[in-house]
Amino acid sequence: MLKGKRILLGVTGGIAAYKSAFLVRLLIKAGAEVKVVMTPAAHQFITPLTLATLSKNPVATQFTNGENGEWNNHIDLGLWGDLMVIAPASANTLSKLAEGRSDNLLVAVFLSARCPVLVAPAMDLDMYSNKATQINLVRIQQNGVKIIPPGTGELASGLSGEGRMAEPEEILKFIEATFTNASRLSSKKILVTAGPTYEAIDPVRFIGNHSSGKMGFELAEALAERGADVVLVSGPVSLQTKNPRIERKDVVSAQEMFECCMEIFPTCHAAILSAAVADFRPKNVADSKIKKGASGINEISLEETPDILASLGKLKSKKQILAGFALETNNEIANAKTKLESKNLDFIVLNSLKDFGAGFGTDTNKISILTNEGKTINFELKSKSAVANDIADHLVTISPNEA
Ligand code: PMT
């Protein structure tokens, strides 16, 4: 799978650097070409000679090489790689990556790299859980870098906890998945909706719901990782997107979300609507704040909002794929099937508030995918990120290659 792929391996100063030798061997065995860049501190844990021998390429550490002063051109190195992986990534290097510093060759190469970058953190548990490290990880991810999560177990310090670098085999799987995923939905434009909508009662109050937007944002990331150009139409949430392939459009009300989606959908390959759109809105919105004791305040007349999913279902061409979510509390399968059919969907993602850990606000979800061919695929409770991958993978399987 990695035949001919050019992998830049960054090695930083940490005990897990010894595992880099195994990673280089796995990469070479898989057919990749490997160039290693080390920080000076990494030399204390593994010799450049070991990594040069295994990678069959000179190892670069300094901006210049030895007595002849030959330049290790960080720009050329950065442009050479089809993928860069930094394993192990120490807390110190993570902070440099987050700040965009370039005071050693490895971080300068990182700044120059145009390819996808994976980072495998490795450090002691307290350093890993420290707020500063966690903030750095978030910042790095916001710049599109993918983190290979560390494992939990015995650490070099003798303590036990989270921070141990992922095993080389696991890192190899991430690398392979990055190449497989990158092209699976490339050149496909996909519309995703996320979050709640707010329906104004007056300038101060609104009717809303508990959606945090997490499910929809994870879905947008999973699709973008597979190469799709994602337009994410989001209600009011406090989340950030990470992948530069995601174009975000913020809306507040169901009407705004409707208008935005109707405009975008005709140019899309697919749409997956995960937003918790308000079904009703106040018929009349007061111009100024309604005062306590105002006449008629014990009643708010409501009207239905436009059904975005059903409207897209009417617009949908034969080449387009349309999917929705069903959030149910009872008769789950029957209700989801009705939505699937009545809204002309290719599939619907069912989640039930009866399932522990599923639905609003949680970091996890438990879903079933019901298809228009009558299939039901059930999934375990998983992180919303893993759920998003399952949904994106399902979309890949039903997407024609040429579209
Ligand atoms: O945001 P999180 O906190 O992560 O929570 C995720 C979630 C629970 C919001 C998400 O997983 C989910 O279930 N989203 C759909 C919620 C919902 O409104 O379900 P519904 O069964 O009422 O609606 C069915 C479908 O019609 C949905 O795709 C919805 O986006 C769409 N719809 C609904 C009403 C409307 N006026 N227009 C619509 O397009």
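Both counts, for ligands and for their atoms, begin at 1 and track the order of listing.
For the pair F22 and E167, the minimum side-chain heavy-atom distance is 4.5 Å or more. Side-chain atoms of L350 and T376, non-hydrogen and from C-beta on, never get closer than 4.5 Å to each other. In this structure, I290 and I201 have side chains that are in contact, with non-hydrogen atoms separated by less than 4.5 Å.
With 3.5 Å as the limit, one finds a donor-acceptor pair spanning the side chains of S368 and N378. Looking at S183 and S186, their side chains never bring a donor and an acceptor atom within 3.5 Å of each other.
Of all protein heavy atoms, the one lying nearest to atom 37 (N) of ligand 1 is I308 N, 3.1 Å. Here the protein heavy atom with the shortest distance to atom 30 (O) of ligand 1 is A275 O, 2.6 Å. The shortest contact between atom 5 (O) of ligand 1 and any protein heavy atom is with G359 O, 3.5 Å. Atom 39 (O) of ligand 1 has its closest protein heavy atom at L309 N, 2.8 Å. Closest protein heavy atom to atom 34 (C) of ligand 1: D279 OD1, 3.2 Å. When only non-hydrogen protein atoms are considered, atom 22 (O) of ligand 1 lies nearest to K339 NZ, 4.1 Å. Atom 28 (O) of ligand 1 has its closest protein heavy atom at L273 O, 2.8 Å. For atom 2 (P) of ligand 1, the nearest protein heavy atom (residue, atom name, distance) is S212 OG, 3.4 Å.
Rounding to the nearest 0.5 angstrom, the gap separating the CG atom in N372 from the CG atom in D346 is 5.0 Å. For the atom pair CG (L27) and CZ (R6), the distance works out to 15.0 Å, reported to the nearest 0.5 Å. To the nearest 0.5 Å, atom CD1 of residue I140 and atom CD1 of residue I135 are 12.0 Å apart.
For atom 24 (C) of ligand 1, the candidate residues are F325, F280, F217; the nearest heavy-atom contact is made by F325. Of the listed residues (N351, V387, L327), the one carrying the non-hydrogen atom nearest atom 10 (C) of ligand 1 is N351.
More than 12 heavy atoms of other residues, nucleotides or ligands lie within 6.0 Å of NZ in K189, so this atom counts as buried by the packing criterion. The number of heavy atoms from other shown groups lying within 6.0 Å of CD (E303) is above 12. The number of heavy-atom neighbours closer than 6.0 Å to OH of Y18, taken from other residues, nucleotides and ligands shown, is 12 or below.
The backbone of S274, and not its side chain, has at least one atom closer than 4.0 Å to an atom of ligand 1 (non-hydrogen atoms only; backbone = N, CA, C, O). Contacts between T362 and ligand 1 below 4.0 angstrom, taking non-hydrogen atoms only, are absent altogether.
Atoms of ligand 1 lying under 4.0 Å from at least one heavy atom of P306, given by number and element, are 35 (C), 36 (N), 37 (N). Atom numbering of ligand 1 starts at 1 in the shown order; those under 4.0 Å from a heavy atom of G213 are 1 (O), 2 (P), 3 (O). Near K343, meaning under 4.0 Å from one of its heavy atoms, ligand 1 places the atoms 26 (O). The D307 neighbourhood of ligand 1 comprises atoms 35 (C), 36 (N), 37 (N), 38 (C), 39 (O), with distances under 4.0 Å to a heavy atom of that residue. Within ligand 1, counting atoms from 1 as listed, the ones closer than 4.0 Å to a heavy atom of M215 are 4 (O), 6 (C), 11 (O). Atoms of ligand 1 found under 4.0 Å from any heavy atom of T305, numbered from 1 in the order shown, are 36 (N). Near K384, meaning under 4.0 Å from one of its heavy atoms, ligand 1 places the atoms 2 (P), 3 (O), 4 (O), 5 (O). Within ligand 1, counting atoms from 1 as listed, the ones closer than 4.0 Å to a heavy atom of A326 are 21 (O).
Because its NZ or CZ atom is not both nearer than 6.0 Å to the ring centre of F174 and within 45° of the ring axis, K146 does not count as a cation-pi partner of that residue.
Using a 4.0 Å heavy-atom cutoff, A254 is absent from the residues neighbouring ligand 1.
Annotation: G324 places no N or O atom under 3.5 Å from an N or O atom of ligand 1; distance criterion only. By the 3.5 Å distance cut-off applied to N or O atoms, A276 is not counted among the residues near ligand 1.
Between F360 and H210, the ring planes are perpendicular. Angles over 60° get that label, and only those under 30° would be called parallel.
The pair E263-K249 does not meet the salt-bridge criterion, since no charged nitrogen lies less than 4.0 angstrom from a carboxylate oxygen.
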